[in-house]
Amino acid sequence: MAFGGRGGIRPRRGTPADVLVVGLGNPGSEYDGTRHNVGFAVIDLLERRHNGRLKSGKERALVDEVHIGQKRVALAKPTTFMNLSGESVSPLVRRFGIEEASRLVIVHDELDLPTGIVRVKIGGGLAGHNGLRSIKAHLHDDAFVRVRIGVGKPPSKEGGADHVLKRVGKADREALDVAIEVAADAVELIVSDGPDSAMNRVNARAS
């Protein structure tokens, strides 16, 4: 089965995007500023940097196309909830003609990284992230590129939901604001230089 799986969405007409960047999060103002929505924040920042404007699309997402350098880049924020992200990402992949996993970039929160640390990863495990799990289930592939934004571990396993869904304190807010900038830089590096080069440069940053 080809990357992106099968589905009833009609294929894209016109020029495909060079890269599709999807930030994960939950829709609704009550989730703004939470750890779980750092992926949305990165898309918003890229929109501002590249003079874009997200619009509602048929793929259950807010979507726009911008140019980063010479590359045509699709930016998206699913309007599904996090656990159903694949229901949006799969038709987005078809709409924008993404036929290789290396051209799909998912930006998401990561409990296994300390707060504020940003890392680029190509494929691999899902670390229990429900958004990534949904995307893999719909695409039948997990080789896509991830920009992982550390949000730190919750104080207890039972407190995971509260940890990612509550607004953060001042110290963590400052660290996450910096991380969002770094993650947007990482996306631009992936677009301009490729995932491997971006991974080498971003992951070499001091923790």
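We number each residue from 1, following the sequence as shown. Fair warning: this is a prediction, and the values are worked out from it, not measured in the lab.
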Inset, instruction - Starting from the C-alpha separation in whole Å, work towards a yes-or-no answer on side chain to side chain contact (heavy atoms under 4.5 Å, CB included) for Phe96 and Arg103. - result: CA-CA 10 Å; Phe96 291 106; Arg103 292 168 53 203; over 6 Å; no
Inset, instruction - Using atom types as modelled and distance alone, determine if a side-chain donor or acceptor of Lys71 lies under 3.5 Å from a backbone N or O of Val191. - result: yes
Legend entry - In one Ile/Leu/Val/Met/Phe/Trp/Tyr side-chain cluster, 4.5 Å: Leu84, Ile43: no
Legend entry - Ser197 side chain vs Gly194 backbone, donor-acceptor pair below 3.5 Å: no
Inset, instruction - Establish whether Phe144 and Phe40 are linked, either directly or via other cluster members, by ILVMFWY side-chain heavy-atom contacts under 4.5 Å. - result: no
Inset, instruction - Flag the pair Asp193 / Arg201 as yes when at least one side-chain heavy-atom distance between them is below 4.5 Å, and no otherwise. - result: yes
Legend entry - For the student: nearest non-hydrogen atoms of Ser90 and Arg94, plus distance: OG-NH1, 2.8 Å
Inset, instruction - Examine distances only and state if a side-chain atom of Ser88 and a backbone atom of Arg60 form a donor-acceptor pair shorter than 3.5 Å. - result: yes
Inset, instruction - Would you mind reporting whether Asp32 and Ser29 have side-chain heavy atoms less than 4.5 Å apart? - result: yes
Legend entry - For Asp196, side chain to side chain contact (heavy atoms under 4.5 Å, CB included) partners two or more places apart: Ile122, Met199
Legend entry - Qualifying residues under side chain to side chain contact (heavy atoms under 4.5 Å, CB included), relative to Val182, sequence neighbours excluded: Val118, Val178, Arg205
Inset, instruction - For side chain to side chain contact (heavy atoms under 4.5 Å, CB included), just list the numbers for Ile149 and Val42, CA-CA rounded to whole Å, side-chain angles, deciding distance to a tenth of an Å, and then say yes or no. - result: CA-CA 10 Å; Ile149 302 173; Val42 172; 3.7 Å; yes
Legend entry - Results of side chain to side chain contact (heavy atoms under 4.5 Å, CB included) for Asn83 - residues two or more places apart only: Asn130
Legend entry - Contact check, side chains of Arg119 and Leu113, non-hydrogen atoms, under 4.5 Å: yes
Inset, instruction - Compare every heavy atom of Ala183 with every heavy atom of Val147, then report the nearest pair and how far apart it is. - result: CG1-CB, 3.8 Å
Inset, instruction - For the residue pair Val19 and Ile68, establish whether any side-chain heavy-atom pair is separated by less than 4.5 Å. - result: no
Inset, instruction - Check whether any side-chain heavy atom of Ile135 sits under 4.5 Å from a side-chain heavy atom of Val22, and report yes or no. - result: no
Legend entry - Arg173 and Asp177 ion-paired at < 4.0 Å: yes
Legend entry - Non-hydrogen side-chain atoms of Asp109 and Leu24 separated by less than 4.5 Å: no
Legend entry - Exam field: side chain Ser192 to backbone Glu188, donor-acceptor pair closer than 3.5 Å: yes
Legend entry - Pro16 and Ile98, any side-chain heavy atoms less than 4.5 Å apart: no
Legend entry - Whether Asn26 side chain and Met82 backbone form a donor-acceptor pair below 3.5 Å: yes
Inset, instruction - Using a strict cut-off of less than 4.0 Å between a Lys/Arg side-chain nitrogen and an Asp/Glu carboxylate oxygen, indicate whether Arg49 and Glu181 qualify as a salt bridge. - result: yes
Legend entry - Step-by-step side chain to side chain contact (heavy atoms under 4.5 Å, CB included) determination, Leu75 to His50: CA-CA 11 Å; Leu75 302 174; His50 300 284; 5.9 Å; no
Inset, instruction - Flag the pair Val66 / Leu46 as yes when at least one side-chain heavy-atom distance between them is below 4.5 Å, and no otherwise. - result: no
Inset, instruction - Please work out whether the ring planes of His108 and His129 are parallel, tilted or perpendicular, with thresholds of 30° and 60°. - result: perpendicular
Legend entry - Under 3.5 Å donor-acceptor, Glu47 side chain and Leu54 backbone: yes
Inset, instruction - For Ala186 and Ala198, work out which heavy atoms get closest and say how close. - result: O-CB, 4.3 Å
Legend entry - Nearest heavy-atom neighbours spanning Pro195 and Val120: O-CG1, 4.3 Å
Inset, instruction - Check step by step if side chain to side chain contact (heavy atoms under 4.5 Å, CB included) holds for Leu132 and Asp142. - result: CA-CA 8 Å; Leu132 297 182; Asp142 61 3; over 6 Å; no
Inset, instruction - Determine yes or no for a side-chain-to-main-chain donor-acceptor pair under 3.5 angstrom, with Arg146 supplying the side chain and Gly124 the backbone. - result: yes
Legend entry - Residues Lys77 and Asp64 bridged, charged N to O under 4.0 Å: no
